[in-house]
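Lettering follows sequence order; numbering is per chain, from 1. Worth saying up front: this structure is predicted, and the values here are computed from it rather than measured.
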Amino acid sequence: MGHSTPEWVYIGAVTAILIWVGAESWNIEHTLEYAPPNSETVRVVGQQWFWSFQHADGTQEINELHVKEGIPYRFEIVSSDVVHSFNIPDFAMLMDAVPGRVNTMWNIFDEPGEYLIECREYCGMLHQDMRARLFVEPNTDNTTASQPESEPTISQGTGTATVVAPGGGEVGSTGTGTMRVVEPGNITASNESGASDNTSSTASDSGDNATTGSTNGTSTTSAAGVTLSIPAGAATPGNPAYSPDTLTVTKGEIIAVSNDDTAPHTVTSGASPGDADAGQLFDTSIIMPAGKAEIDTSTIDAGEHPFHCTVHPFMTGTMTVQ
Amino acid sequence: MVLELKKPRPIWEIIFSTHHTDIGLLYIIASMVALFAGGALAMAIRAELFLPGVQIFEGQADFSRFFTVHGTTLLFLWLIPFAAGAGNYLIPIMVRYKDMAWPKLNAVAFWMIPPCMFLIWGGFSDTTWNAYPPYSILKAPGPAADMWIVGLKLLGLSSVLGAINFTVTILKMKHPDLPLMKMSLFSWATLVTSLMIIVAIPTFAASLVMLYTDRLGVTGFFNPEMGGDPIAYQHLFWFTFHPEVYIFVLPGIGMMYEMIPTFSRKPLFSYYSGVVALIVIAVIGFGSWAHHMFAVGMSFTEKTVFMVGTLAAVPSSAMHVFNFLATMWGGRIKFAAPMLFSVGGILLFFSAGAGGVVNTAMPLDFLTHDSYWVVGHMHLFIMGTITLAFVGFIYYLFPLITGRMYDQRLAKIHFVLTFVGIAVIFGVQHILGLYGMPRRVVDYLPIPELIIMNQIASFGGWAIGASFILFLYNMIKSAMFGKPVDPKDPFELGHGVEYYYDYARREPHH
Ligand code: HEM
Ligand SMILES: [Cu+2]
Ligand SMILES: [Cu+2]
């Protein structure tokens, strides 16, 4: 093996490069790993096929996330069905949402603007549509807001009042089809899983709560004649979506809607989320699992009206108002 | 000397034979069927992605079935069977034994493959080739997913049986005059690969059973609702499939070790460094699997360990590249098709390796993971290195098998189109990944850059497809009407060059 000198030099050079790459990665990853203690916590729930966000003050958003520039945010990422991956490409942020686990990730958003949130792990039929929007809002309370990321000591994040006026979300509905902003209050007697305990939630308790969804929201049972239920399994294409899927009501009756499935659903007028008049006549907004809602038919014109679920557009039905 | 098709035989004689060259031929033909079938699916995938929105498929569900079957077919029905076929053909000759150690077992291992093809193609599952739970156990529609599981289970069994046969043939049936350290590097590569298969595959085989019982609902290994852990599956899966990428690539490296010295008309630069690199990677390759899982929420320590494990495996791959280049250095190189494909393979091996290092650097992986970058990375290896080496080897074996020469002009056109196509499509896919395009999507945002790059990628893909149609035509036409060659020196390399291995002196011991 007389010819081994050039080979050793070459192997040495390759090894040196690899050691450099490894050391540098270790260094950078080390700083990315641990969130500053004053971070504000946002719970991120991935489910087929949308993202929901719960802020520390209890505000909940669906498919839109509003944050303030310059504040450290710590995300607790969970899933309530299959594996998803929470990804904000512009900030190189990526973390899987795994059922039964709580993964965390943090960041300081240093550039106000509107960014894409997407799902990077294949999760089934509407995987490609599982997008949301991130709105980084200028931090008006803090004149040094545009400080670069290297200053995680800004102690701005301790108050919980920073988050979202849900109405402000409407700007975003230009992009993808199925955005809806939900205030906790506007779902009739549904259960808001996790809204009360997430201010300082620890890893273990929040995990359960996202996977099972407790059932305490059955206080209002409107005994009106007409009921519409969403049977268990409705989120799987091919299964019955609404029971009954053609229903007839007399104008003025109240329809009691119950979600008996383990996924969130809506009852929304229109044949599909893309319809120009989708949601114009009636819309329950998101009904959480085991949650309930009501549709008042007194404002709906007589006639035949198709409806669908904005989360699972393949779920459709028809309502006839007499 | 000419082993197969020179003297035509009735087809059933080949089909029911247990002779190693017949089985080898069957493997090679079956794997090429899979190559073309899987490639056809890829053409459809590229057509769909030519524009944003949903065009030729009905939606993500259809599309998912296509890329799942595409990936499964090309990994398990093209790469693995082709390597087994080439090994069947050459290993007994190279170790100078009359046949494989267990000819009947050999035939059984081959005949498990057609039923698997039926299961995988008949089911058309949508689980992706990783089949991550809980999707694969709770949501994936049956019977497709079940057929996929059973098909993969059988394929695993088939390759373990094949691997045992190779190991025994090489270690036990080797001619007594042939010391291990004089054995061809192709035999070394096959030996190392076989040992890796025996260690790696059983893990995945076990997790397939667990996946199946989970689907039936009788167990909950990976089902969080029953106390299971989906991440456990990912560990089991990658414990098999990171080593598996070396199982895919090492036979290709072994083939290059045959072709490059032959066409450089020069002895190999360093036999020892080749053997050492093969053995080292087989050991270290088992310590890096979780680099596929940086984003599942592992601790910082775990991530560091697997990053270091992955980087540690790189120098041995780099040693092969050096060995090839040093062999070519100063040689009187003849660029016949096998050499062209080998050199193309080396170039892309090197670039793909650089991309792999980027994936391995933890913070950068959060940019690339599950984006089109990963698609580009793996295809640069699988198409750009392994498939190029395999196809080059088909050209190399062609005169040996048929006694005729392929059409050399068509072969050169094939190479140029394929090489350019591969560089374009998979290079562009790396950039698409950096633009944030996730993999496995039927639709993407209508941003001009994404559209342009996807269209370039589609053209690259179709160029590859077109060139492979030429290849098929060339193979069929030349097998029937090609110019008969001098079996001693079909590539006209001149005197003093040993054609192939020492095939002419077949003195098998019994
Ligand atoms: C030897 C030939 C190689 C082959 C055939 C190969 C193949 C693959 C495949 C198929 C995947 C994607 C798996 C999936 O998610 O579906 C992958 C990902 C990956 N490869 Fe390789 N690879 C090779 C070499 C390397 C090398 C040399 C490195 C590192 C230096 C490397 C690092 C990685 C990493 C880190 C990923 C994970 C990327 C991610 O998902 O974020 N690979 N490779
Ligand atoms: Cu998802
Ligand atoms: Cu790997």
Identify, with sequence neighbours excluded, every residue that meets side chain to side chain contact (heavy atoms under 4.5 Å, CB included) alongside Tyr34(A). His30(A), Phe300(B)
Which region of Asn103(A), side chain (C-beta onward) or backbone (N, CA, C, O), has a non-hydrogen atom less than 4.5 Å from a non-hydrogen atom of chain B, or is it both or neither? side chain
Counting heavy-atom pairs under 4.5 Å with chain A, the top scorer among Ala326(B), Ala318(B), Pro315(B) is Ala318(B)
Apply salt bridge (Lys or Arg N to Asp or Glu O under 4.0 Å) to residues Arg133(A) and Glu64(A) and explain how you reach the verdict. CA-CA 5 Å; Arg133(A) 303 243 136 214; Glu64(A) 290 191 3; over 6 Å; no
Between Thr104(A) and Glu76(A), a side-chain donor and acceptor under 3.5 Å: no
Using a strict 4.0 Å threshold on nitrogen-to-oxygen distance, state whether Asp229(B) and Arg101(A) make a salt bridge. yes
Which atoms of Gln48(A) approach chain B - backbone, side chain, both or neither, heavy atom under 4.5 Å: side chain
Considering only heavy atoms, which portion of Phe67(B) lies under 4.5 Å from any heavy atom of chain A: side chain, backbone, both, or neither? side chain
Measure distances from Pro133(B) to the heavy atoms of chain A and classify the residue's part below 4.5 Å as side chain, backbone, both or neither. backbone
Heavy atoms from other residues, nucleotides or ligands near CZ of Phe350(B) exceed 12 (cutoff 6.0 Å): no
Go through the atoms of Val308(B) and report whether side chain, backbone, both or neither lie under 4.5 Å from a heavy atom of chain A. neither
Who among Asp126(B), Leu138(B), Asp62(B), Ile137(B) has the most heavy-atom pairs with chain A under 4.5 Å? Asp126(B)
Contacting region of Ile11(A) [heavy-atom separation from chain B under 4.5 Å]: side chain
Residue selection (most heavy-atom pairs with chain A, distance under 4.5 Å) from Ala61(B), Ser64(B), Pro363(B), Gly297(B): Pro363(B)
Heavy-atom distance under 4.5 Å to chain A: side chain of Tyr271(B), backbone, both or neither? neither
Run the ring-ring contact (aromatic ring centres under 6.0 Å, His included) test on Trp8(A) and Phe322(B) for me, step by step, so that the C-alpha distance in whole Å, both residues' side-chain angles and the decisive distance to 0.1 Å come before the verdict. CA-CA 10 Å; Trp8(A) 281 118; Phe322(B) 186 85; over 10 Å; no
Relative to chain A, which of Ile231(B), Val441(B), Thr304(B), Asn323(B) shows the most heavy atom pairs under 4.5 Å? Ile231(B)
Proximity breakdown for Met307(B) and chain A, heavy-atom pairs closer than 4.5 Å: side chain
Considering only NZ, NE, NH1 and NH2 on the basic side and carboxylate oxygens on the acidic side, decide whether Glu118(A) and Arg131(A) come within less than 4.0 Å. no
The interface call for Ser316(B) against chain A, heavy-atom contacts under 4.5 Å, is neither
Contact class of Val83(A) relative to chain B, heavy atoms under 4.5 angstrom: both
Between Asn130(B) and Trp238(B), do the side chains contain an N or O donor and an N or O acceptor separated by less than 3.5 Å? no
Please classify the contact of Glu29(A) with chain B as side chain, backbone, both or neither, using a heavy-atom distance under 4.5 Å. both
Go through the atoms of Ile17(A) and report whether side chain, backbone, both or neither lie under 4.5 Å from a heavy atom of chain B. neither
Please round to the nearest 0.5 Å and tell me the distance separating atom OH of Tyr73(A) and atom CE of Met93(A). 11.5 Å
Only counting residues at least two apart or in another chain, list the ones meeting salt bridge (charged side-chain N to carboxylate O under 4.0 Å, His left out) with Lys266(B). none
